[in-house]
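Have a look at the structure below, then the notes.
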Amino acid sequence: MTLHLYNTLTRAKEAFVPLRPDAVGLYVCGPTVYDFAHIGNARPVVVFDVLYRLMKRLFSGVTYVRNITDVDDKIIAASQKSGEPIDVITARTAAAFHDDMDALGALPPTIEPRATAHIAQMIVLIEALIAKGHAYAPGDGHVLFHVPSMADYGQLSRLDRREVIEGARVEVAGYKKDPADFVLWKPSTDEQPGWPSPWGRGRPGWHIECSAMSGQYLGETFDIHGGGQDLIFPHHENEIAQSRCAHDTPMMARVWMHNGYLMVEGEKMSKSLGNFFTVRQLLADHPGEALRLTLLQTHYRQPLNWTADGVRQAKETLDRCYTALRAVADVKATVAEPPPAVLDALADDLNTPLAIAHLHEAVGTLNKAAGAEEKAALKGRLLAAGDVLGLLSQDPEAWFKWCPAAAASPDDAAIEALIVERREARKAKNFARADQIRDELKAQGILLEDGAGATTWRRG
RNA sequence: GGCGCGGUGGCAGAGUGGCUAUGCAGAGGCCUGCAAAGCCUUGUACGUCGGUUCGAUUCCGGCCCGCGCCUCCA
């Protein structure tokens, strides 16, 4: 099977051929840790988690690097506002990020480098750029990348340089030789975090950290670089400029992948509209797995419209999957490969909606299975299909018993006591009482289902 | 203005030059004490106007509508 990926650099879907099949490199821009991750931050994490899971099946070695940006002016601003020290903010926010992404079923990356631990590498890179005539230090503590020094700058975003400058929303700073030049290093005041450098005490610009860290862990040229569409310009364009010019290479990452934007109930997600959901808020009301599936129900390059109905639909899909798995809870699954259709869908530029359609088919065949051996085989297939998508790994009972932390739901023991009472009523043909118990529980969100042997329950 | 994306049945959402995914919702049936779940059957699609073609939802062009990016926002 050949993996095909859409490459922003060429604007085409291409067969993916790694530089080294035993050491495939994937770099994804990670969070700036100054606030809780919102659902828009979660989309690339979940999307590239699926890519990571798929590539681990296809190649013998995959290194997945996702950085943590822990030096940034937004962090400084947050610290000044709250009075909390920067390292406290970044440590707390990074921990929250890990918890949230774990709840979404995202595997940890192979390496998660922090910007502040790679200042020395950034300085080395900046010095190389100065030495090669691609950067200059005006003497006020800044170091800037000189965009006109790179003949083919702008290949990724395909923006006309002139238009970029005309459309710029920010005043051109006086220390720039060219309006398109961007900051590699900037001076820090005593209150701001800073590191000693050949240009005085300062801190790195935004783009240089990714060049430094991807170079260190994946090499000067590596396989795949991913992130949100909004990073294409200027962030990724400038990363490419820095890395290629510093290393004299024709290419930084060979494939650039970008996930689409996220809207909320049909509107652009923004703080001013008040439709800004953090993952943490959503996790209070929904299982993380349902949030993950919501993100995977739309192809990664399409705009994703986050709606309450979409989350509900994802939850129902998982209910259906776990219902099938619960029915074969006593069957030991055979170790199996995912259905080829699932892998084919994912190998075609991560077509997760199509893969999910085939997941439904795997559920259907499992539901229809007759013999124990067939059930074991089909259960194994369904679980394998879920695994490559990062779904269906929990115990069905745990799934059905989940309820929001704040919800006033009867406790499990009380429910089971009522089920016992109802069973006695049914035995005595007292169906009025049996139905009354079922109705009362239903009013509290508990659904009873009388199976062949026993009655099962779930929180709807 | 420049660059780019999209408009598919009640909803979500894939895909394809001819055989009309998938799930939910709807209708009928099997099963059930009745339900639920499951299974079976079933209806409604491809913004608009042209072009290419034996044939287009799928390719090409115009138009309409929606959305995004254009220096630090995933």
Side-chain angles (χ1 to χ4, degrees), chain A residues 8 11 28-32 37-48 69 72-74 147 154 157-173 176 179-183 205-207 226-235 237-238 258-263 266-271 294 297-299 301-305 307 309-310 312-317 319-321 323-324 326-327 341 345 348 351-361 363-364 366-368 426 429-432 434-435 438-439 442 447-452 455-458 460:
Chain A
T8 306
R11 309 278 155 108
V28 175
C29 289
T32 300
H38 62 249
I39 196 66
N41 300 119
R43 169 124 102 142
V45 173
V46 169
V47 163
F48 290 106
T69 298
D72 181 274
D73 286 1
K74 282 193 292 291
V147 169
S157 60
R158 302 192 181 180
L159 291 173
D160 185 80
R161 217 173 68 77
R162 221 135 124 231
E163 297 292 345
V164 170
I165 295 158
E166 279 169 18
R169 294 183 296 202
V170 170
E171 297 270 322
V172 175
K176 290 188 180 181
D181 291 352
F182 57 89
V183 170
W206 178 31
H207 319 298
Q229 237 165 42
D230 55 330
L231 294 180
I232 294 173
F233 188 88
H235 185 53
E237 195 70 80
N238 291 347
H258 295 95
N259 61 273
Y261 290 89
L262 195 131
M263 318 223 292
E267 290 184 305
K268 182 183 165 147
M269 184 173 73
S270 75
K271 282 182 179 166
T294 306
Q297 281 177 154
T298 299
H299 182 85
R301 283 193 283 122
Q302 292 295 114
L304 167 57
N305 188 18
T307 62
D309 195 56
R312 183 193 56 75
Q313 224 179 72
K315 163 100 168 43
E316 281 178 7
T317 295
D319 281 342
R320 181 172 138 82
C321 295
T323 297
R326 179 191 237 182
D348 182 14
N351 192 337
T352 53
L354 185 58
I356 290 162
H358 292 302
L359 190 73
H360 276 119
E361 283 162 12
V363 171
L366 175 58
N367 281 332
K368 276 173 271 189
R426 289 180 72 206
K429 303 264 188 245
N430 183 357
F431 295 121
D435 291 352
R438 188 169 64 195
D439 291 344
K442 190 181 177 187
L447 304 175
L448 298 192
E449 290 165 358
D450 298 329
T455 296
T456 56
W457 63 274
R458 62 192 174 103

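A distance of 10.5 Å separates CG in A:Asn259 from NE2 in A:His299, rounded to the nearest 0.5 Å. The structure places CG of A:Asp435 at 10.5 Å from CG of A:Leu448, a figure rounded to the nearest 0.5 Å. Distance check: A:Asp73 CG to A:Thr32 OG1 gives 10.5 Å after rounding to the nearest 0.5 Å. To the nearest 0.5 Å, atom CG of residue A:Leu262 and atom CG of residue A:Asp230 are 11.0 Å apart.
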For every nucleotide of nucleotides 4-9 of chain B, 5' to 3': is a protein heavy atom under 4.0 Å from its base (B), only from its sugar-phosphate (S), or from neither (-)? S-S---
For a quick check, with a 4.0 angstrom heavy-atom cut-off, what is the B/S/- contact string for nucleotides 30-35 of chain B, read 5' to 3'? ---BBB
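At whole-Å resolution of the value, NE2 in A:His299 and C1' in B:G13 are 12 Å apart. Atom CD of A:Gln297 and atom P of B:G13 are 8 Å apart (whole Å). Taking atom CD1 on A:Ile232 and atom P on B:C69, their separation rounds to 11 Å, with Å as the unit. One atom, NZ of A:Lys176, and another, C1' of B:U71, lie 6 Å apart when rounded to the nearest Å. The interatomic distance linking A:His235 (NE2) with B:C72 (P) rounds to 13 Å, in whole Å. As a whole-Å value, the separation of A:Asp72 CG from B:A74 C1' is 14 Å. When the P atom of B:A12 is taken as reference, atom CG of A:Asp309 falls 8 Å away, rounded to whole Å. Atom CE in A:Met263 sits roughly 15 Å away from atom C1' in B:C69 (whole-Å rounding).
Classification of the A:His207-A:Phe182 ring pair by plane angle, with boundaries at 30° and 60°, yields perpendicular.
Nucleic acid contact for A:Glu237: none, since no nucleic acid atom lies under 4.0 Å from a heavy atom of the residue. No engagement by A:Leu447 is indicated, since no non-hydrogen atom pair under 4.0 Å with the nucleic acid exists. Contact annotation for A:Gly364: backbone-only contact, meaning every heavy-atom pair under 4.0 Å involves sugar-phosphate atoms and none involves a base. Among the protein residues, A:Ile39 comes within range of no part of the nucleic acid, since none of its heavy atoms lies under 4.0 Å from any strand. When heavy atoms are screened at a 4.0 angstrom cut-off, A:Asp230 is found touching base atoms of the nucleic acid. Using a 4.0 Å heavy-atom criterion, one finds that A:His358 contacts no nucleic acid atom at all. A:Gly310 comes within contact range of no nucleotide atom at all, as no heavy-atom separation falls under 4.0 Å. Looking at heavy-atom distances under 4.0 Å, A:Gln313 makes contact with a base.
The heavy-atom pair separating A:His235 from A:Trp206 by the smallest distance is CB-CH2, 3.4 Å. A:Ala314 approaches A:Thr294 most closely through the heavy-atom pair CB-OG1, 3.3 Å.
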Before you tell me yes or no, could you show the steps for A:Ile232 and A:Gln229 under side chain to side chain contact (heavy atoms under 4.5 Å, CB included), namely the whole-Å CA-CA distance, both residues' side-chain angles and the distance that decides it to 0.1 Å? CA-CA 6 Å; A:Ile232 294 173; A:Gln229 237 165 42; 4.0 Å; yes
Side chain to side chain contact (heavy atoms under 4.5 Å, CB included) between A:Leu447 and A:Lys442: does it pass, once the steps are laid out? CA-CA 5 Å; A:Leu447 304 175; A:Lys442 190 181 177 187; 3.8 Å; yes
Decide side chain to side chain contact (heavy atoms under 4.5 Å, CB included) for A:Thr455 and A:Arg438; before the verdict, give the C-alpha distance in whole Å, the side-chain angles of both, and the deciding distance to 0.1 Å. CA-CA 11 Å; A:Thr455 296; A:Arg438 188 169 64 195; over 6 Å; no
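Between B:G28 and B:C64, the distance separating the two P atoms is 46 Å to the nearest Å. Rounded to whole Å, the separation between the P atoms of B:C19 and B:C30 comes to 34 Å. Nucleotides B:U20 and B:G29, compared at atom C1', are 25 Å apart to the nearest Å. Straight-line distance between the C1' atoms of B:G10 and B:A45: roughly 12 Å, to the nearest whole Å. The gap from the C1' atom of B:G15 to that of B:U71 amounts to 39 Å, rounded to the nearest Å. Look at the C1' atom in both B:A12 and B:U53: the space between them is 34 Å, to the nearest Å. Annotation: B:A25 and B:G38 have their P atoms spaced 9 Å apart (nearest Å). B:U16 sits 10 Å from B:A21 when the C1' atoms are compared, rounded to a whole Å.
At least one donor-acceptor pair under 3.5 Å links the side chain of A:Asp181 to the backbone N or O of A:Val147.
Residue-to-nucleotide proximity on RNA chain B shows that, of A:Pro234 and A:His360, the 5′-proximal contact is made by A:His360.
With sequence neighbours excluded, the residues that form a side chain to side chain contact (heavy atoms under 4.5 Å, CB included) with A:Thr307 are A:Glu265, A:Asn305, A:Asp309. For A:Trp457, the ring pair (Phe, Tyr, Trp, His ring centres under 6.0 Å) criterion is met by no residue, not counting sequence neighbours. With sequence neighbours excluded, the residues that form a salt bridge (Lys or Arg N to Asp or Glu O under 4.0 Å) with A:Arg458 are A:Asp319, A:Glu449.
The side chain of A:Leu354 lies closest to B:A21 when the candidates are B:A74, B:A21, B:C73. Looking at the side chain of A:Trp206, the nearest of the listed nucleotides B:C72, B:A37, B:U22 is B:C72. The A:Phe233 side chain lies nearest to B:U71 when the options are B:U71, B:U22, B:C72.
A sub-4.0 Å separation between OP1 or OP2 of B:G15 and a side-chain N or O of A:Asn351 is present. Between A:Arg312 and B:G23, a side-chain N or O to OP1/OP2 separation shorter than 4.0 Å is absent. Between A:Lys368 and the phosphate of B:C40, there is a side-chain N or O to OP1/OP2 separation shorter than 4.0 Å. One finds no side-chain N or O of A:Thr317 lying less than 4.0 angstrom from the OP1 or OP2 phosphate oxygen of B:G23. For A:Asn41, a side-chain nitrogen or oxygen approaches OP1 or OP2 of B:A74 to under 4.0 Å.
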Reading 5' to 3' and counting Watson-Crick or G-U wobble pairs with both distances under 3.5 Å, write the dot-bracket notation for RNA chain B, | for bases paired outside the strand. (((((((..(((.....[...))).(((((.......)))))....(((((..]....))))))))))))....
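Here A:Glu316 pairs with A:Arg312 in a salt bridge; the nearest charged N to carboxylate O distance falls below 4.0 Å.
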